Amino acid sequence: MRRLIDHLRISSSHDFAALALPREDGRTYAWYYASGNLNHRYKGMVVKRGKGLPGLAWRLGEAVISDSSSTDIGGEKLDCALMTAEGLHAAAAVPIGPLASPSGIIIVGARQARLYATTELQYLDSCAIEVGHAIQIHNYGVPREQSDTQQPSTFETGPV
């Protein structure tokens, strides 16, 4: 899983990438894997539904960005402790899986101001699907319908 997050960070041209997975309580997520991190403070951070950039992506069920063009959405502050700890000036968070109970949340970030294009968000959505498949394989083994056909990886094709 760690190599997948490393690859996501590099292929999407970000300084930082991390994956949050559900905790045992089922109401929060914890950051389990990070790439490009400056410290290990992410390990003690929790994502709550609707709080900060990753929590908002979880609540909405879609990618949410915080970049130089963003304003707070409905009074919700988009940055989060993870962005502060890692010195991120722009970030995008995307949930993995169904709206009701995503299997994880991905965040990618840059330590310099930047704008996100629609194609980058589409790429991150595609990567989230692929990471979701990797989580499923890690937890349950290779799904039978996927074992016979080999699709090119989203990470190999890169953003459009």
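The figures here come from the full heavy-atom set of this structure, side chains too, leaving out hydrogens, waters and symmetry mates. Computed from a predicted structure; not experimentally measured.
The shortest distance between side-chain heavy atoms of Leu8 and Leu19 does not fall below 4.5 Å. Side-chain contact between Pro54 and Cys80: present, with at least one pair of heavy atoms (C-beta onward) separated by less than 4.5 Å. With contacts defined as side-chain heavy-atom distances shorter than 4.5 Å, the pair His89/Gln112 does not qualify. Here the side chains of Leu124 and Ile106 are not in contact, with every heavy-atom distance at 4.5 Å or above.
Between Tyr29 and Trp58, the ring-plane angle classifies as perpendicular under the 30° and 60° cut-offs.
By the side chain to side chain contact (heavy atoms under 4.5 Å, CB included) test, Thr28 pairs with Arg23, Asp25, Val46, Lys48, sequence neighbours left out. Under the ring pair (Phe, Tyr, Trp, His ring centres under 6.0 Å) criterion, Phe16 pairs with no residue at all, not counting sequence neighbours. For Arg111, the salt bridge (Lys or Arg N to Asp or Glu O under 4.0 Å) partners at least two apart in sequence or on another chain are Glu86. In terms of the side chain to side chain contact (heavy atoms under 4.5 Å, CB included) criterion, residue partners of Ala57 (sequence neighbours excluded) are, by chain and number, Val64, Ala93, Pro95. Scanning for side chain to side chain contact (heavy atoms under 4.5 Å, CB included) contacts around Ala81 gives Met45, with sequence neighbours left out. Looking at residues two or more places apart in sequence or on another chain, you find no ring pair (Phe, Tyr, Trp, His ring centres under 6.0 Å) involving Tyr42.
Residues Ala92 and Leu53 approach most closely at N-CD2, 4.1 Å, considering heavy atoms. When all heavy atoms are compared, the tightest approach of Val108 to Ser12 is CG1-OG, 4.3 Å. Nearest heavy-atom pair across Ile5 and Ala17 is CG2-O, 3.6 Å. The two residues Gly132 and Ser103 make their nearest non-hydrogen contact at CA-OG, 4.5 Å. Pairing each heavy atom of Ile96 with each of Ile105, the nearest pair is CD1-N, 4.1 Å. The shortest non-hydrogen separation linking Arg9 to Ser35 is NE-OG, 2.6 Å.
Atom CZ of Arg114 and atom NE2 of His14 lie 4.0 Å apart (nearest 0.5 Å). Separating the CD1 atom in Ile65 from the CG atom in Leu121 is a distance of 5.5 Å, to the nearest 0.5 Å. Rounding to the nearest 0.5 Å places NZ of Lys43 at 8.0 Å from CG of Asn37. Annotation: the span from Met1 atom CE to Ile135 atom CD1 amounts to 5.0 Å, rounded to 0.5 Å. Taking OH of Tyr123 as the reference point, atom OG of Ser13 lies at 8.5 Å (rounded to 0.5 Å). Atom NZ of Lys51 sits about 10.5 Å away from atom CG of Leu56, to the nearest 0.5 Å.
Taking the six-membered ring wherever Trp is involved, the centroid distance between the rings of His7 and Tyr33 does not fall below 6.0 Å.
Both Leu60 and Met83 belong to a common hydrophobic cluster when Ile, Leu, Val, Met, Phe, Trp and Tyr are linked at side-chain heavy-atom distances under 4.5 angstrom.
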